[in-house]
Amino acid sequence: MKTTPYDKLENIQDALAKCMKCGNCMAVCPVYLTEKEEGAYARGKLSIAEAILKGELDLKDEDVHEKLFNCLVCTSCMQNCPCGVDVSKIMLSLRAALVRETGLHPIKKIIFGALKNQPLFDKAMKAGAAFQWMGLRKLPGNAGYEPRFTMGLSIKRIFPGLAATPFRDQAPELIKAENRKMKVSFFTGCAFNYIFPDVAWDVVDVLKENDVEIAIPKEQQCCGIAVFAHGDLESARELARQNIDVMEKTGADYIVTACGSCGESWQHGFSELLSEDPLYGPKAEYWKSRTYDISTFLTKVIEYKNPEGFVEATVTYHDPCHLKKVMKVFTEPRTILNAIPGVTLKEMAKPDACCGSGGSYTITHLETSMAITGRKMDDIRKTGADGVITGCPGCMMQLSEGLANSGQDHVATHYISLLARSYREARKSKTEEIKHAA
Amino acid sequence: MLDTAIIKRLEDIVGCGNVLTKKADLVTYSYDATADMPSQLPDVVVMPATSAAVQKIVMLAKEKNLTIYPRGAGTNLSGGTIPLKKGIVLSFQKMDKILEVDQENLTATVQAGVIIQALNDAVAPYGLIYPPDPGTVTTATMGGSVSECAGGLRGLKYGVTKHYIMGMEVVLASGEIFRFGGKTVKNVTAYDFASLFVGSEGTLGIITEIIAKLIPPPKFRKAMLASFKRIEDAGNTVTGIIKAYVIPATLEIMDKMTIQTVENYAKVGLPTDAEAVLLIEVDGGAQQLVDSEAEAVLKVIKENNGEVKIAQSDAERDQLWAARRAALPALAQLSPTTVLEDATVPRNRITEMLVAVQKIAEKYQLKIGTFGHAGDGNLHPTILADARNKEEMERVHQAVDEIFVAALKLGGTLSGEHGIGMAKMKYLKSELGESGLNLMRRVKEALDPDYMLNPAKMVPVRGS
């Protein structure tokens, strides 16, 4: 299985030839809009790829390396491309080729190695939770943590805290439904497991309310999107296969995700990675069509219970890149928000402009990342909304940090948490009604 | 590679972060949006933020005998920004401040690197627009579009870039800064320098600041799509509408090849059995006026055996427009290389031009889709090819040659809105003659005797 462009760089030729250099991608690239240099956005990066294939530039050249990693892989360019160039495939193929030639950066090697070893990764994250107070100072309320030491960073970072007990340690592996409609497997992803277990519980709550039986297998792994994005194909494939095995065992009808990156992996990444794998390729294809973001699952697969509980909030919705641009999920979260009594949705300008997170991009390219977030914060402020809703934990972290940095005193919330709150309110008022009656 | 002392001086002028010398960066300034052009790496890319910096760079280039290639967003279609003779690429992407919006004089003063759409966004709160709307409106810079005299979809009624430029600041090849024009509607002081610099493609001076005219947008509009079984009927409709004294804001045409490709790509409900469709939009300040113009257009369409669909809502209008906007992307999807021409003829010869292009396509066995601004006689024959296929590209070049011959024979011109750059330089003589070329050279040498600015574009470098 060595014929994908990820495995053989020459195979990106046809994809590259499609680019007609019109530059339309310039208008929407968050990195270009910040740095204003040709090498920052897709057209420039594709011309660098052409030069590499022609032997005019060396893939191992440090400057080339820098260009290849100065990309959020948000795929905004692809939405604006008249020629349908698969920029994401080209970028990830280049990164994979680079790793083949120069090996993985030693630090990445340690981290990605740990990701593949779920018990070790789990232990590391738990240790992180126990000791985070040493390096981080908790901010008032739920705003997160700020570093006690500046660590040489130019901008004050605010990190979300790690949960004392990860979600999958809290949750049972099977949550039965009384009037079972169907069974889903909840692919939690790392962020919900280690950082936002409350949101994961909201997902469970909403599914329970809709009589869906939920499997939450403990040995599910990281989806591997960051590993894939950094060119470590071997680890990414191993994670994909392990995840497929784990999910298969649950006997679920569908996989449900609440994270754009995890959902993208199941809907796109795994089948890309395993396309030439005779055993796992077909399995990846199978789950590709059976994985849904929870909002799609609720509104299109089942007829979800109408939210009746009142939640007073004026909110604006940020479209996570992978959720909208890869999974094409953008109407469903809005449908849900608009259905909740008391919720007013005020759209911001460019709701689908990238928030600047890009997974590890925000760590490796701090200044550009925070400048991108800064523009988002301006758009959010202009709506006058008192809450920012989104559909991906990566965006939640980035947006919350941006909100704190820009002096806006709220945190980003997942849309599922609003729905869960509405259901809870409805249950509460029903209980009260019964009490009154008694 | 330039002398490090020169790089150091450039860094002193614009700051370290605004001078690029790494090969990985230079590669990304070696081309523009023009298909089938050679590329060349510049020696250095410099990104100034002020006119004073531009002036200092010009003085340095003059002293060191370096060429300068001014560059906006590099979205032009004439090879106009490719740094053929290396030297300095002067990128205006960071010089992008909107300096003033003057609601009383209906003007905006902008730095050259301002994106056209950014200007429109900035003047929208005042209820104003800047009408020139080339296809690259969200990426192209004001400096670049002024240098190319960019056109667009509403040229017929609202004119093109040159009709909206009231003044400029230009850094001359001598290093002098020259300002002319201003906010007055009338100005006949000295030569009409706006006419000289608009469309000069960076060969006569470096535009650093622009005073642009703004207008209030039309309040009412009506869009319709007319389809025809014969190209002649479509052509006669175009001239018939103008003869009825209706000037539509938009009068666009798509030929059969384009219609079928767009329909296949975007499924917007175009009639695939039609030989041509026209997208027509009339607009104005009063509903009654727009209605009566639409009536007149409908009458002409009917007389010419056209079938018409009128947009009843904004959503339907958007759908009609989506079909037109999909023309280039749809065609571009069919093959890796898209050669987009813009030969232009008087509008009453549009039928003949469309037929001529179809014959050329047959002769050279090429796929050519033609769409464009019928009301302006400005067609975009779009040749679909693969630059990796040498034999096919040879046929493309012959077809392009013949397209230009056909346009000139019909009393037309080489380029309606893309410019000459390096792509069409060799055809100039057939339109302008020897005396025209000599005049071009004299103008060039009067302003830029050393061929420092965008050399080998528009006017061949003397001796080469």
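Sequence lines set the chain letters: A, B, ... in the order given, protein chains first and strands last, and positions in each chain run from 1. We use all heavy atoms of the structure for the numbers below, so side chains are in, but hydrogens, waters and symmetry mates are not.
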Using heavy-atom distances under 4.5 Å, tell me whether A:D63 contacts chain B through its side chain, its backbone, both, or neither. both
Partner chain B: residue of A:G23, A:G39, A:A17 with the largest heavy-atom pair count (under 4.5 Å): A:A17
Need one label for B:A73: side chain, backbone, both or neither, based on atoms under 4.5 Å from any heavy atom in chain A. both
What part of B:R325 is in contact with chain A, defined as an atom under 4.5 angstrom from a non-hydrogen atom: side chain, backbone, both or neither? neither
Counting only heavy atoms from other residues, nucleotides and ligands, does the tally under 6.0 Å from NZ of B:K267 exceed 12? yes
Where on B:L41 is there a heavy atom nearer than 4.5 Å to chain A: the side chain, the backbone, both, or neither? neither
Just by modelled atom types, is the B:V114 backbone N or O under 3.5 Å from a matching donor or acceptor in the B:D96 side chain? no
Closer than 3.5 angstrom, by distance alone: can the side chain of B:N454 be matched with the main-chain N or O of B:E201 as a donor-acceptor pair? yes
A:N70 side-chain N/O to A:V31 backbone N/O, donor-acceptor pair under 3.5 Å: no
Side chain, backbone, both or neither: which part of A:E37 has an atom under 4.5 Å from a heavy atom of chain B? both
4.5 Å side-chain heavy-atom contact, B:T261 and B:Q333: no
Of the backbone (N, CA, C, O) and the side chain (C-beta and beyond), which part of A:A51 lies under 4.5 Å from a heavy atom of chain B, both, or neither? side chain
Picking from A:P82, A:A27, A:C19, which has the most non-hydrogen pairs under 4.5 angstrom with chain B? A:P82
Report the C-alpha distance between A:Y32 and A:E35 in whole Å, list the side-chain angles of each, state the deciding distance to 0.1 Å, and finish with yes or no for side-chain hydrogen bond (donor to acceptor under 3.5 Å, both in side chains). CA-CA 5 Å; A:Y32 173 77; A:E35 300 182 353; over 6 Å; no
When you measure from the side chain of B:T258 to the backbone N and O of B:T370, does any donor-acceptor pair fall under 3.5 Å? yes
Pick whichever of B:T34, B:T139, B:V45 has the most heavy-atom pairs under 4.5 Å with chain A. B:T139
Against chain A, label B:L328 side chain, backbone, both or neither, depending on which of its atoms sit under 4.5 Å from a heavy atom there. side chain
Please determine, among A:K67, A:E66, A:E50, A:K18, the option with the most heavy-atom pairs under 4.5 Å with chain B. A:K67
Less than 4.5 Å to any heavy atom of chain A: does that hold for the side chain of B:S91, its backbone, both, or neither? neither
A:H322 ring center within less than 6.0 Å of A:H268 ring center: no
